Amino acid sequence: MATLKQLSKVPERLAGGHRLCAGCGHGISTRMILNAAEDDNVVVGCATGCLEVATTIYPYTAWNCSFIHNAFENAGATLSGVEAAYRSLKKQGKLKDDFKFVAFGGDGGTYDIGLQSLSGAMERGHNMVYVCLDNGAYMNTGIQRSSATPMGADTTTSPAGKVVPGKQQPRKDLTAIMAAHNIPYAAQASISNWQDVHKKAKKAFDVEGPAFINMLSPCPRGWRYNTPDIVELCKIAVETRFWPIYEVEDGKWILNHKPKKYVPIEEFLKPQGRFRHLFTPGNEHMIKRIQKEIDDRWLALLERCGEPQELPPR
Amino acid sequence: MSKAKLMQGNEACVEGAIAAGMRFFAGYPITPSTEIAELSAENLPKVGGKFIQMEDEIASMGAVIGASLTGLKAMTATSGPGFSLKQENIGFASLNEVPCVVVNVQRGGPSTGLPTLPAQGEVMQARWGTHGDHPIIVISPSSVKETYEFAIRAFNLSEKYRVPCILLMDEVIAHMRERVELPDPSEIEIVNRKKPDASIEKYNPCEDYDGDGIPPMASFGDGIPFHVTGLIHDKTGFPSTKPEVTQNLIDRLMGKIENNLEDIIDYEEVLTEDAETVIVTFGSVARSALRAINLLREEGIKVGMIRLKTIWPFPEKVIQETSQRAKNIIVPEMNYGQLIDVVKAAADSKCNIVGLNKYVGELITPEEVMAKVKEVINRA
């Protein structure tokens, strides 16, 4: 693995000056991923969302590479077309240079409306990387729930009130769905573990065929945390096993980090305003439900990874 | 007892819909309609209704159809790109006579376009967005108060004729705040879909029992099994490819609108009697037109307005009659020119018909309407 010093010399494809919020995970995640493309030519496709809007406000662009924004649901399909045409041109000898293709979508554009087009792209085997920047809701339109929104979260379409304490359904397990496409590479990563992110992005770019990375990408407005604490919050997400980091290489599941001790989910919920109502008397059952969901999923993940099925020691 | 409230257009839409009996909303966030979903999420459970957020606009429209067939008054709300995605299901609802309300808050297009800015680019899509011959009703409010009233009317028309009703708003009306006097619930006229006679021996879901072209509608769960399909079907609801079955079905569907124009069509005439120049307009642009008319009248210019409340079916008759009296008709619209084509088709050929088109994401101003009126008069 390259040193930090070496990585810092890779040209920036997402330049500073974009209008993403302070303390947003999207800029950090995107730069980390693109850094692993090193000196290659890159074509970026972007689903509608915060990243697209905040990096391309007329008459400016933060992108130092080819950039395509198609309709909300089409990032996977559009890059499929680009990549297929590229291969044809290469075959005909009309294009000499090598290119890498990467799509970025939020959880709305990936878990929900764009799932069909992503699934198609993965199944057809296009040589592209799809990165989901999962901030757990539709933040661009003002914080509506998505199928990535964690159970219990308060959003404008799963409002926490006297009767219903926020979203009632657990999150969709998108990374597992992508792995089930039997693509060469699928992974889940967090900016708090930057070396892990870099390795995963490098593998994703290097494999022949489609690759998928799911990045936890906190949103200060939707999650309501103290903006400087973003990386710390991601770390807690990994340590509480809310966001396990793992990879699936050619069908083999590998756990990349095993927390040394049992950190209760409250540690992740407490710093966030979207979960504040869970700490009012009468909502204890919700925290229990959330913890159970996390523990159950953790044990299932351990099984897939061939690890002993035990919760971390308390 | 009525109560006054300062309201946003999107809020008035939800209030009106719930007053009309909406008990189901399926939607997907999209600017500038999102508040309709958010307020439905908050308010529907309070009246025993159900809000569900779907994975996209196709699914939202699908869920609305399912809920309506199960007996609830159902609505969805969206904007341009989402309206495009809903089109196939709108055609399904139209063919299967599923009452439902589809709100389209128009924003700049095409494609993602100008998500936060107003437009009126879906005059034609609202009518012909889905494929094939099909009936549809499109109504368009010009104020927050009217948004409340039209949300009720949209449900009433949809329930009465078993036709999808498009509530065609625009970003200005959706986000504008105005004082609205809410009527007492007892003063609101509510129309519910016709149900089949419980004693009926064999229910044919698509049979015109009453001779008015509108079959009574059972609900899933009523204990009367019935078949629903997107294929062309006969009175039993089962598919058929026979030419006479197809002809009967399409004629009956179109006839539900064509035979009830007087009931469905609604418009407002302002100072048209002596007007030499008449402005034909709808939605937020009508507000600018009204201001322009008042100012022009002060200058002694004889100008009036026909404000369309119903856009489809198009009020041909009033346009035709007006065009025989007036020298000029001006059609201001926030698009490249859509309504004007229908106005031209309906109007007398001697009448001078001129468009005022603005498609830059800004409302047409009263000054622009005034300038156009003067330009047209001076040229004549």
Side-chain angles (χ1 to χ4, degrees), chain A residues 46-50 52-54 56-58 68-75 78 105-119 137-149 153-169 171-172 174 177 222, chain B residues 8 10-11 14 25-63 76-86 105 107-117 174-175 360-361:
Chain A
C46 224
T48 303
C50 286
E52 168 259 322
V53 168
T56 60
I57 293 175
Y58 181 81
I68 314 166
H69 161 238
N70 194 351
F72 201 1
E73 66 278 15
N74 291 332
T78 304
D107 47 291
T110 309
Y111 282 69
D112 292 345
I113 194 168
L115 185 63
Q116 181 170 317
S117 111
L118 168 61
S119 175
Y138 291 82
M139 304 309 187
N140 185 37
T141 45
I143 314 160
Q144 292 80 35
R145 63 92 88 186
S146 76
S147 58
T149 302
D154 173 42
T155 74
T156 59
T157 52
S158 63
K162 284 187 191 124
V163 182
V164 185
K167 194 194 174 208
Q168 290 302 292
Q169 302 83 5
R171 308 175 62 254
K172 188 187 275 183
L174 181 68
I177 294 172
Chain B
Q8 191 195 52
N10 281 340
E11 191 183 351
V14 176
F25 184 100
Y28 189 73
I30 185 164
T31 307
S33 77
T34 305
E35 292 88 353
I36 300 175
E38 291 176 337
L39 291 165
S40 296
E42 198 177 316
N43 293 328
L44 270 176
K46 294 177 190 164
V47 293
K50 184 78 185 163
F51 164 89
I52 45 174
Q53 188 179 312
M54 302 300 289
E55 67 273 22
D56 58 26
E57 287 91 348
I58 300 173
S60 307
M61 194 61 215
T76 184
T78 189
S79 184
F83 194 50
S84 293
L85 287 177
K86 287 181 196 294
V105 180
R107 70 187 212 186
S111 190
T112 312
L114 301 163
T116 59
L117 303 175
H175 285 159
V360 296

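Scope of the values below: all heavy atoms of this structure, side chains included, with no hydrogens, waters or symmetry mates. It should be emphasised that the depicted structure is a prediction, and the values quoted were computed from it without experimental measurement. Lettering of chains follows the sequences in order, A, B, ..., and the numbering in each one begins at 1.
Within 6.0 Å of atom NZ in B:K50, 12 or fewer heavy atoms from other residues, nucleotides or ligands are found, so the atom counts as exposed in its surroundings.
Using a 4.5 Å cut-off between heavy atoms, B:T31 contacts chain A through both its backbone and its side chain. Contacts of A:T156 with chain B are made by both backbone and side-chain atoms, with heavy-atom separations under 4.5 Å.
B:V360 meets the side-chain contact (heavy atoms from CB on, under 4.5 Å) test with B:K358, B:E362; sequence neighbours excluded.
Going from atom OG of A:S158 over to atom CD of B:E38 covers 10.5 Å, rounded to the nearest 0.5 Å. If you take CD on A:Q144 and CD1 on B:I30, they are separated by 11.0 Å, rounding to the nearest 0.5 Å. Between atom CD of residue A:E73 and atom CG of residue B:L85 there is a gap of 5.0 Å, rounded to the nearest 0.5 Å.
Side-chain atoms of B:Q53 do not come within 3.5 Å of backbone N or O of A:T157 as any donor-acceptor pair.
Between A:F72 and B:Y28, the ring planes are tilted. Angles from 30° to 60° get that label.
Residues B:P29 and A:T141 share a closest heavy-atom pair of CB-OG1, 3.5 Å.
Of the listed residues (A:D112, A:T155, A:V163), the one with the most heavy-atom contacts under 4.5 Å to chain B is A:D112.
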Practice task
Begin from the C-alpha positions of B:E57 and A:I113 and carry the test side chain to side chain contact (heavy atoms under 4.5 Å, CB included) through to its verdict.
Solution key: CA-CA 8 Å; B:E57 287 91 348; A:I113 194 168; 3.5 Å; yes

